[in-house]
Amino acid sequence: MTSQRNLSRPKDWNRRRRAALKRDAEVCYLCGQAGANELEHVTAVADGGGWEYDNLRAAHRACHQAKTLRERAGRARRTNPR
């Protein structure tokens, strides 16, 4: 099953993905190490970021997941203050 988020990807996603990974030399912008194989939104789509090339950076899966969890936790705190 395809997620709603993935359905919103631009039609040229594969081209953008390849170009951004090449631009970043497959170096993770979160930890600075080589071997990044995913793209990460600098500003999350949920926070108003888009699919623009300038909002995409190379990241390792683990770094990407950790940042996503931090962002989700921050969003939850903002929407459910104690």
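Here the structure is a predicted model, which is why all the values come from computation and not from measurement.
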K.L.:
How close do Ala34 and His60 get, heavy atom to heavy atom, and via which atoms?
P.N.:
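Of all heavy-atom pairs spanning Ala34 and His60, the closest is O-NE2, 2.8 Å.
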K.L.:
Only counting residues at least two apart or in another chain, list the ones meeting side chain to side chain donor-acceptor pair (under 3.5 Å) with Arg61.
P.N.:
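By the side chain to side chain donor-acceptor pair (under 3.5 Å) rule, Arg61 matches Glu38.
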K.L.:
Specify the closest pair of heavy atoms between His41 and Gly50, including all atoms of both residues, with the distance to one decimal.
P.N.:
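Of all heavy-atom pairs spanning His41 and Gly50, the closest is CD2-O, 3.1 Å.
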K.L.:
What is the minimum heavy-atom distance between Leu21 and Ala36, and which atoms define it?
P.N.:
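So the two residues come closest at CD2-O, 4.0 Å.
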K.L.:
Return the minimal non-hydrogen interatomic distance between Cys63 and Leu30, and the atom names on each side.
P.N.:
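In terms of heavy atoms, the two residues are closest at O-CD1, 3.6 Å.
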K.L.:
For the CG atom of Asp54 and the CZ atom of Arg23, what is their distance to the nearest 0.5 Å?
P.N.:
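Atom-to-atom, Asp54:CG and Arg23:CZ are 7.0 Å apart.
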K.L.:
Could you check whether Asp24 pairs with Arg57 (Lys NZ or Arg NE/NH1/NH2 to Asp/Glu carboxylate O, under 4.0 Å)?
P.N.:
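No salt bridge links Asp24 with Arg57.
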K.L.:
Hey, any chance Val42 and Tyr53 share a hydrophobic cluster, counting ILVMFWY side chains that come within less than 4.5 Å of each other, even indirectly?
P.N.:
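Each belongs to a different hydrophobic cluster.
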K.L.:
Once you round to the nearest 0.5 Å, how far does CD of Glu40 lie from OG1 of Thr68?
P.N.:
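OG1 of Thr68 is found 5.5 Å from CD of Glu40.
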K.L.:
Below 30° counts as parallel, above 60° as perpendicular, anything between as tilted: where do the rings of Trp51 and Trp13 land?
P.N.:
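Aromatic pair Trp51/Trp13 classed perpendicular.
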K.L.:
Which residues pass the side chain to side chain donor-acceptor pair (under 3.5 Å) test with Asn55, sequence neighbours left out?
P.N.:
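Here no residue qualifies.
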K.L.:
Quick one: CG on Asn37 to CZ on Arg17, what's the gap to the nearest 0.5 Å?
P.N.:
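With rounding to 0.5 Å, CG (Asn37) is 7.0 Å from CZ (Arg17).
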